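None of these values were measured; they are calculated from a predicted model.
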There are 2 protein chains.
Amino acid sequence: MAVTLADVAARAGVSAATVSRVLSGNYPVAAHTRGRVLRAVEELEYVVNGPASALAAASSDLVGVLVNDIADPFFGIMASAVQGEIGDRKLAVVCNTGGSPERELTYLTLLQRQRAAAVVVTGGAVEDPEHQAALGARLKRLTEGGARVVLCGRPPMRDEAVGGGTGAAGATGTAAGTEPGAAAGGAPEDVPGGGQVGGRGADGGIVTLAFDNTGGARRLTEHLISLGHRRIGYVAGPAHRTTTRHRLDGHRQALEARGLLADAEALTVHGWAYDRPSGYDGALELLRRGTAPTAVLAANDTVALGVCAALRDQGLRVPEDISVAGFDDFPYSVDAYPALTTVRIPLHSAGARAGRLALGREGAPPGGVATVPAELIVRASTAPPHAFR
Amino acid sequence: MAVTLADVAARAGVSAATVSRVLSGNYPVAAHTRGRVLRAVEELEYVVNGPASALAAASSDLVGVLVNDIADPFFGIMASAVQGEIGDRKLAVVCNTGGSPERELTYLTLLQRQRAAAVVVTGGAVEDPEHQAALGARLKRLTEGGARVVLCGRPPMRDEAVGGGTGAAGATGTAAGTEPGAAAGGAPEDVPGGGQVGGRGADGGIVTLAFDNTGGARRLTEHLISLGHRRIGYVAGPAHRTTTRHRLDGHRQALEARGLLADAEALTVHGWAYDRPSGYDGALELLRRGTAPTAVLAANDTVALGVCAALRDQGLRVPEDISVAGFDDFPYSVDAYPALTTVRIPLHSAGARAGRLALGREGAPPGGVATVPAELIVRASTAPPHAFR
DNA sequence: TTGTAGGCGTTATCAC
DNA sequence: GTGATAACGCCTACAA
């Protein structure tokens, strides 16, 4: 930890100010001077002191990315996409919250401490009003400090949570937990919104990229119903999380439309995580409850693989004896046995967009909220039930 | 960005120094004083200025983690484990190099600029002497600056690359590209090494957690040979990378022991990445080359899934017509069709150990190098060839 | 136990 | 164009 700006300046025979200007590049400097400076930098192997420049410039080149677990493909893919957009001008600080509200808050504070240029919060939110309020407060402080905040994969914050914003912000509010776009029943609205126009998020606001979990789940259940299934089990994700609930909502909307809602409660079991063991145990629990369903939906593809494994271990064939479907369409789902019917969410492009939004390289959508569409992918794991063959 | 240490000090009626001491906690402060300070911090919602304290203390709480691609489970799992160990006292800066040597160097410089407390470099290295030299120089500067450096999943640096270290370092060198432990043919050596003792890496050195790729690959090929296979195809990873070469080395060692090395060249094809398309195309290429192999080994499980897909599309059954095996034992490999025979590398525990090493929470192994074992996992994708049934 | 003061390495505002 | 010279906010001997 030796060579500093001053050393370079001395060697190049210029002032520290000039060196700084050459390095930051945002100020005119004579060609030959810049040449000498650059040579001195080379010779001395000088490396800028990040903390020092961050202090002086009151801004750092760190971008925080909050994920539940970076090893989970759902988050890994999004984080990778964010990183791809950030490139090497900024650094991505990845924080594994493990889905814990407390850690989410802790990390947000840590990122504020680092004076992060932006923060991307990925994945579903915990539906606790108290936590939402605390989260909103943290996020608000972050934006007030000049950081851009992007929510990717969760519904927008309620206005109360982030405190009344500008006049334009008022138009953004949605009822707690109601997914925008999905609730309207239509195609997810989303207009690129060129430049810096477009409601909050343009500057100092929070931009949200919500996922159409409800719509996707609804279409998936409709698919099963159309195949002839009437008793459809559901191994849901952890309770009190927006992703879990929205998917369940869509499922139930489809059931209700066909008057099949009565059994829904008995056919639903909540896992404790979006992982394979959770699916395995969930499936066993479902079988234990009596009349077996003819199809089982899972919280996501990983859970679905656990479900398949459990069914197989119980001597049931998928999809001959029982259909199974997942959600998210992870890369390996097509190679699973059997290839999973699922709902694709364009995680990579959503993450990339979140990254651009975080860098301000893309304008915020109108109202600061856009909904990412979800597409039904039918593969081999779903088929008509016995009665329909 | 308003409230500073001074503000808190004023509100608490103490000096800035006292507030600093309360916050860092590494200095005795009277109970009631600390109480008042803490209250002031709460009331003012004070958040430390990271860059400022990093500047003053000449150290930051950032830990860099270099990966090829965080969306790849191989890296995602290790990164997640590293993150789990560093918890929320330090922040993980994840850098996607995409396997590019240049970006690897760029990121290392960026991390040095941030005065990262430690850097964990994961995955195989590019086997270019020039790059190795440049890499060694960067790593050396990092360690000289007080950062801990941990290599996880690649062989140790040659001593020339990192410049002559202390006397103890001399014992660590291995011939370029020769994997320690594996080459010896015995079980991977590894002694925890309590405390701060144990060769380089204890302070200012580079600690290496090498993977036993060679040994794992050798055992995998031996397994196939023992099943009766004689023509074994190999869809390798990108050339000039240690992981690719070490696995290929192990494969050939096993072939050579049975006098089967003659066809090896013609049965090997290099992919351009450790991904599915690479496996798909590699398998087709292999089939195109004439006499089809009775088994195909893949660079890793992801590639193996691509191989299986290609074979299936060509009307071949796995493993009836042709056996397939992967490497790494990713979580989903057991759910693939058919369940993959593979070699398990304990990525999570290796990553966790790398994390502890990076924090100095665990002593360096003797010589600064430990080898992570690889275990053969036999599943359904490998079976005897037709001739043996 | 607490306060004082100097410095950490850059950036930005002025003059020249 | 380039050079002084204040901040920037915190840490840490050194004193009291």
Atom-pair distance ([atom1] on [X]; [atom2] on [N]), nearest Å:
| X | N | atom1 | atom2 | result |
| --- | --- | --- | --- | --- |
| A:N49 | D:dG9 | CG | C1' | 14 Å |
| A:L5 | C:dG9 | CG | P | 10 Å |
| B:L55 | C:dT10 | CG | C1' | 8 Å |
| A:D61 | C:dT11 | CG | P | 11 Å |
| B:Q114 | C:dT10 | CD | P | 13 Å |

Among pairs that include at least one residue of residues 44-68 of chain B, which meet salt bridge (Lys or Arg N to Asp or Glu O under 4.0 Å), considering only residues two or more places apart or in two chains?
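Only A:R141-B:E45 qualify under salt bridge (Lys or Arg N to Asp or Glu O under 4.0 Å).
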
What pairs meet the salt bridge (Lys or Arg N to Asp or Glu O under 4.0 Å) rule with one or both residues in residues 3-24 of chain A, with sequence neighbours excluded?
A:R11-A:E43

Locate the shortest heavy-atom distance separating A:M78 from A:G123; write the atom from each residue and the value.
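Here A:M78 and A:G123 meet closest at CE-N, 4.2 Å.
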
Residues in side-chain contact (heavy atoms from CB on, under 4.5 Å) contact with A:A12, at least two apart in sequence or another chain:
A:V14, A:V37, A:A40

Show which side-chain atoms of residues 79-100 of chain A pair as donor or acceptor with protein atoms under 3.5 Å away, not counting sequence neighbours.
| from | atom 1 | to | atom 2 | distance (Å) |
| --- | --- | --- | --- | --- |
| A:S80 | OG | B:D69 | OD1 | 2.6 |
| A:S80 | OG | B:N96 | ND2 | 3.4 |
| A:Q83 | NE2 | B:V94 | O | 2.7 |
| A:E85 | OE1 | A:R361 | NH2 | 2.4 |
| A:E85 | OE2 | A:R356 | NH1 | 3.4 |
| A:N96 | OD1 | A:I70 | N | 3.1 |
| A:N96 | ND2 | A:D69 | OD1 | 3.3 |
| A:N96 | ND2 | B:S80 | OG | 3.4 |
| A:T97 | OG1 | A:V67 | O | 3.2 |
| A:T97 | OG1 | A:N68 | OD1 | 3.4 |
| A:T97 | OG1 | A:G99 | N | 3.1 |
| A:S100 | OG | A:E102 | N | 3.3 |
| A:S100 | OG | A:E102 | OE1 | 3.1 |
| A:S100 | OG | A:R103 | N | 3.1 |

Which residue pairs pass the side chain to side chain donor-acceptor pair (under 3.5 Å) test when at least one of the two sits in residues 27-40 of chain A, sequence neighbours left out?
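Output for this query is empty, none listed.
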
Net bend of the helix from C:dT1-D:dA16 to C:dC16-D:dG1, end axes of five pairs each, nearest 10 degrees:
30°

Just to verify, what does A:T18 make a side-chain hydrogen bond (donor to acceptor under 3.5 Å, both in side chains) with, not counting sequence neighbours?
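In terms of side-chain hydrogen bond (donor to acceptor under 3.5 Å, both in side chains), with neighbours along the sequence ignored, A:T18 is linked to A:S15.
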
Which residues, if any, of residues 12-36 of chain A bring a heavy atom under 4.0 Å of DNA chain C?
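Here the set is A:A17, A:S20, A:R21.
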
For residues 129-138 of chain A, please give each side-chain donor-acceptor pair under 3.5 Å, one per line with the distance, not counting sequence neighbours.
| from | atom 1 | to | atom 2 | distance (Å) |
| --- | --- | --- | --- | --- |
| A:H131 | NE2 | A:E104 | OE2 | 2.9 |
| A:Q132 | NE2 | A:V126 | O | 3.1 |
| A:R138 | NE | A:T109 | OG1 | 2.7 |

